[in-house]
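One structure is given here, and the rest of the page talks about it.
A, B, ... follow the sequence lines: proteins, then strands. Residue 1 opens every chain. Predicted model only: the values in this text are computed from it and were never measured.
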There are 2 protein chains.
Amino acid sequence: MHTQLNHRMTKQRQIIIEELRKVTSHPTADQLHEMVRKRLPRISLSTVYRNLETLSSEGMILKMDSAGTQKRFDGTVENHYHIRCSRCGRVDDVHMETIPEIEEIARRRSSYQSVSHIIEFTGICPNCYSQSRG
Amino acid sequence: MHTQLNHRMTKQRQIIIEELRKVTSHPTADQLHEMVRKRLPRISLSTVYRNLETLSSEGMILKMDSAGTQKRFDGTVENHYHIRCSRCGRVDDVHMETIPEIEEIARRRSSYQSVSHIIEFTGICPNCYSQSRG
DNA sequence: TTACTATTAAGAAGCATTTGCAGTTAAAAT
DNA sequence: ATTTTAACTGCAAATGCTTCTTAATAGTAA
């Protein structure tokens with residue numbers, strides 16, 4: 001059982017992984033491009049983008065902020081949680097109690113101030129799920 | 001006292017708020033534009049964007065996915081939480097235990113399947129905080 | 001009413017990301 | 001070790017979301 005789908009380990013891909021794993025700074029694509037360029041001066045930004053996409057869909061790295069390209073807006077301001085369908089992008093509210101206690105934990109562990117939080121769930125929405133079972 | 005900072009309640013702004021509060025679908029700016037157009041056919045998309053920005057900075061609505069314009073990447077795949085500085089955009093890992101139990105709660109409340117979760121904290125990082133105190 | 005200034009519509013500009021293409025190369029097949 | 005072939009690369013151009021520019025409009029205060 002392997003998730004390798006005819007993917008080649010090119011020099012570019014190898015070095016992108018290595019450089020990303022070296023740091024804890026959660027770089028953007030262009031920051032990573034700069035880092036990789038120190039070792040592969042001719043690598044293009046689109047190669048970095050392409051590989052980041054491939055690697056994250058293989059589960060080898062994590063793409064953050066991967067919600068989607070467009071921002072969404074909510075008329076409700078009080079903190080509440082959301083769940084997003086990974087198939088169709090639909091977003092619903094999750095009606096559950098919030099857990100503000102974790103903010104104090106995060107504050108202590110991170111030494112950030114004025115800590116707030118959001119939780120975002122991801123899953124398959126009822127529509128997409130029923131479609132997938134015919 | 002009031003949080004009104006020389007902001008005018010124009011017809012456009014009023015209707016944008018009303019339409020957003022009517023729904024629970026977390027629309028994107030262009031979806032909301034379409035909704036508002038039913039009542040104000042000549043409103044422009046940039047007016048919608050401008051007002052959504054104003055309203056969310058006033059705290060009257062919530063802007064989701066407001067992380068930033070660029071995606072970030074993480075070499076660590078196992079679920080862990082992040083904290084982001086609202087001043088400088090810096091992102092750090094938060095070393096605390098994850099709480100997978102909430103996924104079951106969210107699954108029951110939402111009727112989504114295969115639920116996973118992330119928590120994102122927001123705060124002021126040590127650098128920005130020490131700057132702000134001179 | 002008059003003056004003042006925030007706001008608007010329309011379109012251009014900005015910027016992150018994706019895509020088309022022609023040449024290259026990793027790696028499977030021979 | 002060669003051949004083969006489809007994935008991959010660099011580059012440029014395209015795309016798509018969001019913000020900015022500008023001249024005109026319209027709330028608001030006096």
Nucleic acid footprint by protein, nucleotides 5-11 of chain C - heavy-atom cut-off 4.0 Å, B for base, S for sugar-phosphate alone
BBSBBBB
Please list, chain by chain and in numerical order, all residues satisfying side chain to side chain donor-acceptor pair (under 3.5 Å) with [X], sequence neighbours excluded.
X	value
B:Ser110	none
A:Glu97	none
A:Gln131	none
A:Arg109	none

Between atom [atom1] in [X] and atom [atom2] in [N], what is the gap in whole Å?
X	N	atom1	atom2	value
B:Glu53	D:dC20	CD	C1'	13 Å
B:Gln31	D:dG16	CD	C1'	15 Å
A:His33	D:dC11	NE2	C1'	11 Å
B:Ile15	D:dG27	CD1	P	12 Å
A:Leu45	C:dC15	CG	P	15 Å
B:Gln14	D:dA26	CD	P	17 Å
B:Phe73	C:dA16	CZ	P	13 Å
B:Tyr49	D:dT21	OH	P	18 Å

Any salt bridge (charged side-chain N to carboxylate O under 4.0 Å, His left out) pairs touching residues 114-131 of chain A, not counting sequence neighbours?
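Salt bridge (charged side-chain N to carboxylate O under 4.0 Å, His left out) check on residues 114-131 of chain A returns A:Arg84-A:Glu120.
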Please list all pairs meeting salt bridge (charged side-chain N to carboxylate O under 4.0 Å, His left out) that have one or both residues in residues 71-82 of chain B, counting only residues at least two apart or in different chains.
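Output for this query is empty, none listed.
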Would the distance check show the side chain of A:Asp30 and the main-chain N or O of A:Leu45 forming a donor-acceptor pair, the cut-off being under 3.5 Å?
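No, because the side chain of A:Asp30 does not come within donor-acceptor range (under 3.5 Å) of the backbone of A:Leu45.
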Does anything in residues 12-61 of chain A form a ring-ring contact (aromatic ring centres under 6.0 Å, His included)? List the pairs, not counting sequence neighbours.
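Pairs touching residues 12-61 of chain A that pass the test: A:His26-B:His82.
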End-to-end bend of the helix from C:dT1-D:dA30 to C:dT30-D:dA1 (five-pair axes, 10° rounding)?
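The end axes of the helix from C:dT1-D:dA30 to C:dT30-D:dA1 are about 40° apart, to the nearest 10°.
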With a 4.0 Å cut-off on N to O distance, would you call A:Arg108 and A:Glu104 a salt bridge?
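Salt bridge: yes.
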Interface with DNA chain D, restricted to residues 65-72 of chain A and to heavy atoms under 4.0 Å
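Correct list: A:Thr69, A:Gln70, A:Lys71.
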Check which hydrophobic residues are tied to A:Val94 through side-chain heavy-atom contacts below 4.5 Å, counting indirect links as well, and list them.
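Besides A:Val94, the hydrophobic cluster comprises A:Tyr81, A:Ile83, A:Met96, A:Ile99, A:Ile102, A:Ile105, A:Tyr112, A:Val115, A:Ile119, A:Phe121, B:Tyr81, B:Ile83, B:Val94, B:Met96, B:Ile99, B:Ile102, B:Ile105, B:Tyr112, B:Val115, B:Ile119, B:Phe121, listed by chain and residue number.
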Under the side-chain contact (heavy atoms from CB on, under 4.5 Å) rule, collect the residues that match up with A:Ser130, sequence neighbours excluded.
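Scan of A:Ser130 (side-chain contact (heavy atoms from CB on, under 4.5 Å), adjacent residues dropped) gives none.
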